[in-house]
Amino acid sequence: MNILVINSGSSSLKYQLIDMEGESVTASGVIERIGEEMGSITQRSHPDKWPDAKSEEKRPVLNHDAAMRLMVEKLTGEEWGVIGSLSDIDAIGHRVVQGGESFAAPALVDADVVETIRANIPLAPLHAANLVGIEAALELFPGTPNVTVFDTEFHQTIPAKAHLYPIPYELYEEHRIRKYGFHGTSHKYVARAAAEFLNKPLEDTDLITVHLGNGCSMAAVKNGRCADTTMGLTPLAGLMMGTRCGDVDPAIFPFIARTEKLCVNEVDEMLNKKSGLLGICGMNDMRDIHTARAKGDERAQLAFEMFAYRVKSFIGSYLAVLGRADAVVFTAGIGENDPEVRALACQGLEGLGIRISGERNGKRCAKGRCISADDSPVQVLVIPTNEELEIARATKALVAG
Ligand code: AMP
C-alpha cells in the first residue's frame with residue numbers, strides 16, 4: 001500500500017510517499033514559494049538508498065493546484081519518478097493543524113469533513129492552506145481516499161479544568177476560545193514509541209513528552225492519553241521557541257501596543273516571529289547559539305539558559321499533574337540532537353527522580369535510546385519523531401477499515 005502524506009502550508013507543499021510494507025519512504029519533496037514569481041521543487045527519491053541524491057528545479061508555481069500537479073509530475077516522471085501513475089497511490093493523508101473540538105481522531109474526507117474544517121478556520125486563519133491542499137487533492141485524485149490527521153486531536157482528552165482559560169466563559173461558548181494544543185501527531189507518535197521501548201502497554205504508561213524543534217511543546221500523558229499540553233489556542237503559548245515567546249504575562253500585549261505604538265497585528269507578529277531565542281540573542285537556531293556561547297556571547301548563553309529553564313519548569317509541573325511518570329521523552333530537532341539542552345533541562349531534578357547519565361546523554365545515535373542512569377526512577381528517553389509516518393499509519397488504519 002502506497003500512502004501519500006501531504007502537508008500544505010500557505011506558500012509551501014511538503015509531501016512524502018510511504019510504502020506501508022516496511023514503512024519505507026519512497027520519495028519526499030517540498031515545493032516552496034507557491035504563488036510567488038519563482039517557485040522551486042526539491043525531491044529525494046528512495047532516500048534510504050541514496051540519501052544524498054536530490055532533484056532540484058526552479059519554476060513558477062501559480063497556486064496549490066499547480067503545486068499538486070508538479071508533485072505528481074515528479075513522482076511519475078522518467079528521471080526521478082517512483083511510481084507509474086496516480087493509480088499507484090492508494091490513499092492520501094493530510095496534516096491539518098486545527099481540528100477544533102470537532103475532531104478527536106483522524107477522519108475520512110467527505111463533504112461534511114471539508115465543511116467542518118472550513119468552519120474551524122477562524123481558530124487558525126494562518127493555516128487555511130491545509131484545506132486548500134485537501135481540495136486540490138480531491139480534484140486531482142478523484143476516487144482515492146483522503147484522510148485528515150489533526151495536530152490537535154491527541155490533546156482532545158485534556159479535561160476542561162486544564163483546557164479552559166480563566167476568562168469570561170461566554171468567550172468559550174461563543175468563539176470556542178480554549179487550549180487546543182499542537183504537535184499532537186508528534187506527541188502521539190513518540191508516546192507510543194516510548195511505551196514500546198519501555199515494553200509496557202501504552203494505556204498503562206505515564207509520560208512527559210518534550211518536542212523541541214523550531215516550535216516547542218510538551219505534553220503530560222496519563223495512561224497513554226493526553227492530560228495537558230503547553231501550547232494553547234494557538235502555537236504561541238508554553239515553552240520558549242525559535243522565534244515565538246511562549247508564556248508571557250498577557251498584559252505585556254497591550255503594554256507593548258501602547259508604549260511602542262503598535263497595532264494588534266504588529267504585536268502579534270513581534271511575539272510570533274521576533275521573540276523566543278531570536279528575540280533574546282538574535283539567533284533562532286540552537287546550533288548557532290552553541291557556537292556563539294563557545295565564543296563567550298553572553299546573550300546566547302542567556303537564551304540557552306532561559307530555553308532550558310522553561311523546559312525544566314514544565315517537567316516539574318507535569319510531574320505534579322501526573323503524580324508519577326515512567327519517562328521523560330525528548331524529541332524533534334533540538335530534543336533529539338542537543339545533549340546540552342537535555343542536560344540543563346534535567347539538571348537538579350534528582351529529587352524528583354530524574355537522573356541523567358552524562359555518558360549516555362553525550363552519545364549520538366539515530367535510534368530511540370535511554371539516556372538516564374540505571375538507578376533513575378524516571379527514565380529519560382530520546383525518541384526520534386516521525387509525524388509523516390504517524391499520519392500514514394492513521395490513514396492506512398482508516399482506509400483499511
Ligand atoms: P525541527 O523543527 O524539529 O526540524 O527542529 C529544527 C531545530 O532543531 C533547528 O532550528 C535547530 O535549532 C535544532 N537543531 C537541529 N539539529 C541540531 C543539533 N545537532 N544540535 C542542536 N540543535 C539542533
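Both counts, for ligands and for their atoms, begin at 1 and track the order of listing. Numbers here are sequence positions counted from 1.
Proximity of a side-chain donor or acceptor of Ser275 to a complementary backbone N or O of Met270 within less than 3.5 Å is detected. Within the 3.5 Å criterion, the main-chain N or O of Asp112 finds no donor-acceptor partner in the side chain of Glu115.
Under 3.5 Å, the side chains of His290 and Arg293 contain a donor-acceptor pair of N or O atoms. In the model, Asn120 has a side-chain atom that pairs as donor or acceptor with a side-chain atom of Ser102 under 3.5 Å.
On a distance-only criterion, His211 and ligand 1 share no N/O pair closer than 3.5 Å. The shortest N or O to N or O distance between Gly333 and ligand 1 is under 3.5 Å.
For atom 4 (O) of ligand 1, no protein heavy-atom neighbour is found at a distance under 4.0 Å.
The contact set between ligand 1 and Gly213, taken as ligand atoms under 4.0 Å from a residue heavy atom, comprises 1 (P), 2 (O), 3 (O), 5 (O). Ligand 1 places these atoms under 4.0 Å from at least one heavy atom of Met286: 11 (C), 12 (O), 22 (N). Interface of Asp338 with ligand 1, defined as ligand atoms under 4.0 Å from a residue heavy atom, comprises 21 (C).
For Lys74, the side chain to side chain contact (heavy atoms under 4.5 Å, CB included) partners at least two apart in sequence or on another chain are Tyr15, Ile41, Gln43, Ser55, Glu57. In terms of the side chain to side chain contact (heavy atoms under 4.5 Å, CB included) criterion, residue partners of Tyr165 (sequence neighbours excluded) are, by chain and number, Ile167, Ile177, Lys179, Leu233.
Closest to atom 2 (O) of ligand 1 among all protein heavy atoms lies Asn214 N, 2.9 Å. With hydrogens left out, the protein atom closest to atom 17 (C) of ligand 1 is Arg287 CD, 3.5 Å, a heavy atom. The shortest contact between atom 13 (C) of ligand 1 and any protein heavy atom is with Ile334 CG1, 3.4 Å. Counting only heavy atoms of the protein, atom 10 (O) of ligand 1 lies nearest to Asp285 OD2, 3.8 Å. Scanning the protein for heavy atoms near atom 19 (N) of ligand 1, the closest one is Asn337 CB, 3.3 Å.
The structure places NE2 of His163 at 4.0 Å from CZ of Arg178, a figure rounded to the nearest 0.5 Å. Between the NE2 atom in His175 and the CG atom in Leu123 there is a gap of 10.5 Å [rounded to 0.5 Å].
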